[in-house]
Amino acid sequence: MSAHSHVDGQLPHEPEKATLEGRNKVLGFWLFLGGETVLFGTLFAAYLALRNQVGDGNPTSQELFDLGLVAVATFILLTSSLTSVFAIQAMHKNQVKPMLIWLAVTVLLGLGFLGLEIYEFVHYVHAGHGFTTSAFSSSFYTLVGFHGAHVAFGVVWITILIFQVLRKGLNVVTAPKVYVAGMYWHFIDVVWVFIFTVVYLMGKVG
Amino acid sequence: MSSNHSASEQQGRRHKVEGPQKHIIAYVFSLVLTLLAFATVIAGEVNTMFTYILLIVMAGIQVYIQMAFWMHMKDRGHMYAIVGILTGVFVVFTMVVMAEYWVWW
Amino acid sequence: MAHGHTVKRYSGLMDWLTTVDHKKIGILYLIAGGLFFLIGGLEAILIRLQLWKPLNDFVSPDTYNELLTMHGTTMIFLAAMPLLFALMNAIVPLQIGARDVAFPFVNALGFWTFFFGGLLLNISWFTGGAPDAGWTSYVPLATNTYSQNHGVDYYVLGLQIAGIGTLVGGINFLVTIINMRAPGMSFMRMPMFTWTAFITSALILFAFPALTVGLVALMFDRLFSANFFEVSNGGNAVLWEHIFWIFGHPEVYILILPAFGIISEVISTFSRKRLFGYSSMVFATVLIGFLGFMVWAHHMFTVGLGPIANALFSIATMLIAVPTGIKIFNWLFTMWGGSIKFTAANLFAVGFVPTFVMGGVTGVMLAAAPADFQYHDSYFVVAHFHYVIVGGLVLGIFSGLHYWWPKMFGRMLSEGLGKLTFWTFFIGFHLTFFVQHFLGLLGMPRRIYTYQDGLDFNLMNLISTVGALLMGIGTIIFLINIVVTAVKPKNAAADPWEDGRTLEWAIPSPAPEYNFLQTPLVRGYDALWKEKMDGNKGMTPAEPIGPIHMPSPSILPFVMSLGLFITGFGLMYSHYIIAGAGLLITFGCMFLRSIFDDHGFHIEPEELKDKGVKA
């Protein structure tokens, strides 16, 4: 039984798990996320170890962080996580158009988040908090930047998937891809929850 | 084609199509937790250690909600997902202990 | 249902560059890993030649540092792990009755990234200096201040690229073992080698990301003037040690667990007995994997983490002796009362047991933190880890290669030459490393390029060098064996040892590209042995003969890895356009892989009949 034998027929309820290839993909991605947990965990550990190594005359986390900006970014990313849930729900109901629209909204919100992050970084650099300023700044930009790179990758990825589904339709080959991208997007949001908690809020508390 | 037993079992089970309400509730709950976290920090004037613990607990709850509902980890057929993530979390836990206690002294 | 896709099938070199067949990828791992093993071995022999007499000037101190660093790095990352991956690729899918791995494309990608990473690392010899900060690359020695040439950059980027390959390979094996088992092959019926491959893959998944971050941090420090480990700017050198060993300690279990699996298979087969205490063996494997994450700081006892940390890590480390002891006794009890055949494979396995016990005993000695202050950074440590890695892992790999060679290549290795390999290598090994325990206790520090006369080091160093040469001869005999075997006719039987217990012996040697004509039905542990005991000719098929779906070959994994290789060069020499072009190649390949579906092709039942194969 090959993957595309379902293409013309009725799409099953959970098309991402209809084929062995699909189930492999979903399971493999879950395990990959387990590895990503360790990846971000190590970045967090490095940040936690170095967060007080600010150096003389450089801005501290209390002076630097703008909670308003972070709150907006958090709101955007949280909302994008919800819209990607809606996309997967639409997929499970085999509603291709709503799914694509929700995915597009997710991408737009992701772009908004990235824009804010870039603005934030530029702002910090002007405030004397460059990548090479101190151990604190290096570990901060590496951690938050890794997350930002993940968001950027996700934005490109989901955009490609939108065009793929437009061309190929929703079937048992494309459905696992969309599902996995959705998992990835949630994971990014989960990492951000810890970033705004550990980096920004705790950094503000001092 | 050989197939995995637990996964095919789960696939054969009939599934009712769920509505968006549950997810909106999860969203609102996450939003409230986020607001509370920001409010705690902005209000200040609380014991630092207590604030830290409160913040971590709220982040933990929020992450649990999102992973359980939005990533479907509470649904059946997610045993390996749970094992994978929890093992990762365990390794991260050891690293946080390392970062807090065994880097500077 | 069968689609008439005409998939281009390559031959010759293109076949090997584009293959997604796990058996061929296994052979690629064997060739590449074997090549790096020879390079690493040559480096070892050069080290021993430098040390054979006091105040020798065979190599300069700088060259010695490079040899030392590259020997360790090559042997761990580019020889030991790929050789294990070779056996895992060749055997694990067969042992679980699978037609293929879960992600054939990713599997190929894993091989090529490893290969290009290793290539990048070794190119450093020709471009102004190999890395010379030790295989652990401790800062501050590895920072720009003390390592000003590009050596450590090669280490950082080469290992980063090779590490990606290992990580995706690990995920592939995890999913394969979870999702692709034949009907009836429950977890507690899986052969021991498959179990150890499973746990090793899990360790890879959770340990390698830590290395990734460590290497990224060191790379940022070196190339972009970050301050993770730059003490003058608030960085911390101990942080590197922690991150490295949080990865590094699981890494040693990543290496040894599959060797445990091989030894279990070989001893069971050649004792013609069921593996003693199978479930305790599984339990011990899982426990070793778990504890492996909680002992990293025993590499750092002398850093000064304080009595609480040292005590905790000391106890956790000693705990590992318990599951390891369980394994040792299980192997002994498997042999007990069996009708043992001392084939070359079994000689290596039986030789493994006492050798590994010796390495384990010195491990417990080192785990005692106060005593470790005496042993630390002496040849005692060198002796210890060579006993577990060479005496454990390398003997295990030799055993596995002799055992599974007919399944991989369809030809039996010469038993006589195999036994000669064993005796020369085994005696050479103990000559080399046994005396190093005493060198360490006498106070000879490790990682020094020479020593003074009159310290009582001379004779033992000479013995050690003679032993190393003997190990070199043993390896050459093995190579001769391979050549001699390669010209013999390809006539190995499906079950050439006649006592095969597991599923890989139920199919022809070498395995056909679809592995199993019909997926077998597994009715118990030691699936094939059970059928033999029940008087059946072979496995009961679980499905009728039908068309078999195969994935298409692809050049993308090769090109993708080439892109990363180019990126590595670009980053190192600050040519960011080249680095960007490399990344563009890699991401471009990902894009192509995403938009063009791989429909694969089918092998029809008529084609299968011509070959006259049985399930």
Side-chain angles (χ1 to χ4, degrees), chain A residues 1-5 7 20-21 23-32 34-56 58 130-139 141-143 145-146 153 156-157 160-161 163-164 167-168 171 173-174 177, chain C residues 1-3 101-103 106 167-168 170-172 174-176 178-180 201-202 204-214 216-217 220-221 224-236 238-240 242-243 246-247 546-547 549 551 587 590-591 594-595 597-602:
Chain A
M1 189 189 329
S2 66
H4 45 290
S5 58
V7 172
L20 180 64
E21 284 85 352
R23 288 195 295 277
N24 283 347
K25 200 170 268 186
V26 172
L27 175 63
F29 204 79
W30 267 116
L31 296 173
F32 170 72
E36 287 267 276
T37 307
V38 178
L39 183 104
F40 278 104
T42 317
L43 288 166
F44 270 108
Y47 174 80
L48 283 174
L50 302 173
R51 70 184 186 282
N52 295 322
Q53 303 306 110
V54 180
D56 295 334
N58 300 322
F131 181 67
T132 59
T133 306
S134 61
F136 161 60
S137 74
S138 296
S139 58
Y141 282 114
T142 307
L143 169 59
F146 250 76
F153 186 86
V156 176
W157 183 10
I160 292 171
L161 286 185
F163 284 103
Q164 264 192 58
R167 278 191 48 204
K168 301 177 192 166
N171 55 42
V173 178
T174 50
K177 297 185 183 184
Chain C
M1 179 172 316
H3 288 246
V101 292
F103 306 114
V106 171
L167 183 67
V168 296
I171 293 177
N172 174 44
L174 284 171
V175 179
T176 302
I178 293 174
N179 267 4
M180 309 282 280
S201 303
I204 288 173
L205 175 63
F206 296 110
F208 265 74
L211 177 71
T212 305
V213 172
V216 163
F220 281 2
D221 270 18
F224 307 124
S225 313
N227 306 304
F228 284 96
F229 312 119
E230 208 58 66
V231 177
S232 57
N233 257 337
N236 188 305
V238 179
L239 182 63
W240 166 266
H242 276 300
I243 293 176
I246 284 173
F247 147 77
H549 182 246
F587 283 115
M590 282 173 82
F591 176 71
S594 178
I595 58 166
D597 295 335
D598 173 24
H599 297 295
F601 62 95
H602 285 85

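Just the heavy atoms: all of them, side chains too, but no hydrogens, waters or symmetry mates, feed the values below.
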J.: Is chain A contacted by the side chain of Ile595(C), its backbone, both, or neither, given a heavy-atom distance below 4.5 Å?
T.: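 Ile595(C) touches chain A through backbone and side-chain heavy atoms alike.
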J.: List the residues meeting side chain to side chain contact (heavy atoms under 4.5 Å, CB included) with Ser594(C), not counting sequence neighbours, and say none if there are none.
T.: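 Counting only residues at least two positions away or on another chain, Ser594(C) forms a side chain to side chain contact (heavy atoms under 4.5 Å, CB included) with Ile160(A), Gln164(A), Lys177(A).
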J.: Which answer fits Val216(C), side chain, backbone, both or neither, if we ask what part of it has an atom under 4.5 Å from a heavy atom of chain A?
T.: side chain
J.: Is Phe153(A) in contact with chain C via its backbone, its side chain, both, or neither, using a 4.5 Å heavy-atom distance?
T.: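 For Phe153(A), side-chain heavy atoms alone lie under 4.5 Å from chain C.
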J.: Let me know if Phe587(C) has heavy atoms under 4.5 Å from chain A in its side chain, its backbone, both or neither.
T.: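 Contact with chain A is through the side chain of Phe587(C) alone.
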J.: Heavy-atom distances under 4.5 Å only: say whether Leu43(A) touches chain C with side chain, backbone, both or neither.
T.: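 For Leu43(A), the contact with chain C is made by backbone and side chain together.
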J.: Heavy-atom distance under 4.5 Å to chain A: side chain of Ser225(C), backbone, both or neither?
T.: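 Both parts, backbone and side chain.
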J.: Heavy-atom distances under 4.5 Å only: say whether Leu239(C) touches chain A with side chain, backbone, both or neither.
T.: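 Side chain only.
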J.: When rounded to the nearest 0.5 angstrom, what distance separates CD1 in Ile171(C) from CG in Leu27(A)?
T.: 10.0 Å
J.: Report which part of Phe40(A) has an atom under 4.5 Å of a heavy atom belonging to chain C: side chain, backbone, both, or neither.
T.: neither
J.: Just to verify, what does Phe224(C) make a side chain to side chain contact (heavy atoms under 4.5 Å, CB included) with, not counting sequence neighbours?
T.: Phe131(A), Met219(C), Phe220(C), Leu571(C), Tyr576(C)
J.: Which atoms of Thr133(A) come close to chain C, meaning under 4.5 Å heavy atom to heavy atom: side chain ones, backbone ones, both, or neither?
T.: backbone
